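Contents: one structure, followed by commentary.
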There are 2 protein chains.
Amino acid sequence: MTGASNRSVERAFRIVDELAENGGGRVSELADRLEMPVSTVHNYLQALVETGYVSVDDKEYTTTTRFLEVGHRQRHRLEVFQAVSDELQDIAAETGEHVTLMVEENDQCVIVAVQEGPDAVNLFAYPGARMPLHAAAPGKAILAHMPDDRVQEIIDRQGLIEMTNQTITDPDVLFDQLEEIREQGYAIDEGERIAGMVCISAPVLDKSDEIRGAICVCGPQSRIDEARRAEIADIVKRSANVTQVNLDYV
Amino acid sequence: MTGASNRSVERAFRIVDELAENGGGRVSELADRLEMPVSTVHNYLQALVETGYVSVDDKEYTTTTRFLEVGHRQRHRLEVFQAVSDELQDIAAETGEHVTLMVEENDQCVIVAVQEGPDAVNLFAYPGARMPLHAAAPGKAILAHMPDDRVQEIIDRQGLIEMTNQTITDPDVLFDQLEEIREQGYAIDEGERIAGMVCISAPVLDKSDEIRGAICVCGPQSRIDEARRAEIADIVKRSANVTQVNLDYV
DNA sequence: AATTTCATTCGGGAGAGCCGAAACACTTCT
DNA sequence: AGAAGTGTTTCGGCTCTCCCGAATGAAATT
């Protein structure tokens with residue numbers, strides 16, 4: 001855990017991040033943004049091209065499909081992803097809304113899979129997208145099934161960043177809600193991450209009650225009234241349960 | 001184009017490749033396989049963890065969802081992927097088979113998107129998966145719309161590797177087929193990559209007649225007779241055409 | 001308790017990466 | 001055309017960083 005680092009590795013991935021962020025770039029442009037000498041950036045890009053993870057076409061450098069490949073291979077091995085199988089598609093068809101499978105990684109809530117129902121609003125949601133745990137229904141569902149001290153550690157490290165004026169920023173309020181989530185078996189967020197959106201999410205636990213992820217349905221508040229919420233809550237709870245059972249057979 | 005390399009970058013990605021290949025690994029295991037000193041591998045893993053692209057849980061190192069993220073962001077910016085929009089899904093529903101969008105990258109044929117129809121056989125096909133251009137219908141469709149000298153370069157660099165006893169390994173035969181593909185507007189492969197599978201694919205060209213990718217339907221030979229092939233050929237040609245038109249509006 | 005296996009830390013030496021400067025390739029002015 | 005501007009690529013010597021053997025620490029196994 002000492003900072004046994006490696007400058008080259010760090011820089012290489014900073015360049016990759018920058019390429020991903022802007023969908024590619026040229027030598028001097030990147031050198032500018034990263035505040036590195038052009039020749040250095042040039043060297044790195046050359047090295048990255050040799051690895052096959054970056055390619056260059058007419059001086060424009062971009063990441064390659066290698067990232068897709070590595071990402072999908074890893075996802076394919078993720079048990080909860082295998083266990084959820086067709087559930088997301090079924091929920092999307094049944095609710096018409098935007099459905100996601102999410103997991104925790106490095107103190108954050110990450111989308112693993114997305115399925116858009118016929119009426120889904122266009123969210124900027126793609127596999128790998130990250131968000132704070134406290135500001136989203138699936139994140140809260142996940143936190144609710146972690147030990148309290150682990151939750152506290154995450155709060156200490158990450159803080160409770162405000163994403164909308166509805167975001168929970170008070171630890172006490174958060175802990176109270178986590179208690180409530182455990183009782184009712186699902187989490188709900190009313191514009192806490194994106195104004196005007198309501199998300200309903202159920203946690204997926206394994207047989208040792210370890211939290212593995214959460215299934216989440218998102219839609220505009222206008223379309224999802226009290227009765228519809230209860231309906232969706234039942235659906236996500238049912239699917240989370242099916243997924244839990246499937247976990248034993250992956 | 002000089003070998004302006006960087007050992008650290010190369011090694012870092014070799015480790016990533018190894019992790020992706022085996023779905024994770026431990027220090028000494030990786031050191032063994034990569035023939036590097038354990039302490040060195042340890043240092044690299046440490047550095048990779050710091051970048052966020054690798055994570056460690058109880059001494060087991062794995063790639064993180066960062067790869068998914070970078071991969072999906074890049075894919076989202078790929079024009080042909082945007083242009084194909086719901087076509088893959090439509091074809092999958094219509095044919096019931098396995099449908100893919102493929103592009104050329106670094107002399108290879110890469111899957112960009114997959115859609116499985118209700119009767120699809122279970123292929124080991126995921127976004128980012130790679131295969132030789134000459135041994136698959138989409139690859140041949142792509143080659144057919146490259147300048148001949150570029151095709152020759154690819155043959156020179158990559159060879160015509162035999163994947164089944166049906167694979168084309170003679171350049172002359174290949175060039176003849178490419179001519180035929182250009183005439184009929186689609187490519188077909190009969191167990192040239194996977195024994196017992198037939199794949200039918202149409203090229204997607206942009207308005208400058210530049211090749212952008214290919215749409216492909218795969219299924220077992222037993223289920224796809226002469227008449228069905230003609231039917232599927234029409235479908236992929238139609239979709240490729242729709243995609244071409246969409247290319248102007250992305 | 002002893003033994004094996006594996007992860008982690010340490011540190012001195014060597015070689016690898018670093019980056020300024022110069023050369024080169026292309027555009028866009030005057 | 002020529003000149004000036006913009007950005008990429010090559011070069012090379014100095015320095016600093018990565019490298020890896022060896023020692024230590026931590027766990028599992030006998």
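Keep in mind the model is a prediction, meaning the values are calculated, not measured.
Partners of B:Asp176 according to the salt bridge (charged side-chain N to carboxylate O under 4.0 Å, His left out) rule, which considers only residues two or more places apart in sequence or in another chain, do not exist here. For B:Phe13, the ring-ring contact (aromatic ring centres under 6.0 Å, His included) test picks out A:Phe13, A:Tyr53, with sequence neighbours left out. Taking B:Glu179 as the reference, B:Arg182 meet the salt bridge (charged side-chain N to carboxylate O under 4.0 Å, His left out) condition, with sequence neighbours excluded. Listed by chain and number, the residues in a side chain to side chain contact (heavy atoms under 4.5 Å, CB included) with A:Ala113 are A:Arg75, A:Phe81, A:Leu88, A:Leu101 (sequence neighbours excluded). Shown here are the salt bridge (charged side-chain N to carboxylate O under 4.0 Å, His left out) partners of B:Arg14, two or more places apart in sequence or in another chain: there are none. Looking at residues two or more places apart in sequence or on another chain, you find a side chain to side chain contact (heavy atoms under 4.5 Å, CB included) between B:Arg77 and B:Arg73. For A:Tyr249, the ring-ring contact (aromatic ring centres under 6.0 Å, His included) test picks out no residue, with sequence neighbours left out.
We find that CD of B:Glu10 is positioned 15 Å from C1' of D:dC19, with the value rounded to whole Å. At whole-Å resolution of the value, CG in B:Asp57 and P in C:dA7 are 14 Å apart. Distance B:Leu34 CG to D:dC20 P: 12 Å, rounded to the nearest Å. Atom CD in A:Glu29 sits roughly 13 Å away from atom P in D:dT9 (whole-Å rounding). When the P atom of D:dT9 is taken as reference, atom CG of A:Leu45 falls 9 Å away, rounded to whole Å.
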Would you give me the side-chain donor-acceptor pairs under 3.5 Å for residues 133-141 of chain A, sequence neighbours excluded?
from, atom 1, to, atom 2, distance (Å)
A:His134, NE2, A:Ile161, N, 3.2
A:His134, NE2, A:Ile161, O, 2.7
A:Lys140, NZ, A:Gln177, OE1, 2.7
A:Lys140, NZ, A:Ile188, O, 2.9
A:Lys140, NZ, A:Glu192, OE1, 2.9
A:Lys140, NZ, A:Glu192, OE2, 3.3

Under 3.5 Å donor-acceptor pairs involving side-chain atoms of residues 145-153 of chain B, not counting sequence neighbours:
from, atom 1, to, atom 2, distance (Å)
B:Arg150, NH2, B:Glu104, OE1, 3.4
B:Gln152, NE2, B:Asp156, OD1, 3.0

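Checking A:Lys59 against B:Lys59, the closest nucleotide of DNA chain D that is more toward the 5' end is the one next to A:Lys59.
Rounded to 10 degrees, the angle separating the terminal helix axes of the helix from C:dA1-D:dT30 to C:dT30-D:dA1, each built from five base pairs, is 40°.
Contact annotation: A:His42 does not reach the phosphate of D:dT8 (side-chain N/O to OP1 or OP2, under 4.0 Å).
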> Base, backbone or nothing for each nucleotide of nucleotides 13-19 of chain C, written B, S, -, heavy atoms under 4.0 angstrom, 5' to 3'?
Replying inline: ---SSSB
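The pair A:Glu105-A:Arg130 meets the salt-bridge criterion, since a charged nitrogen lies less than 4.0 angstrom from a carboxylate oxygen.
Screening B:Ile142, B:Asp206, B:Val204, B:Val103 for a side chain to side chain contact (heavy atoms under 4.5 Å, CB included) involving B:Ile211 leaves a single residue, B:Ile142.
DNA chain D lies under 4.0 Å from at least one heavy atom of each of the following residues of residues 21-28 of chain A: A:Arg26, A:Val27, A:Ser28.
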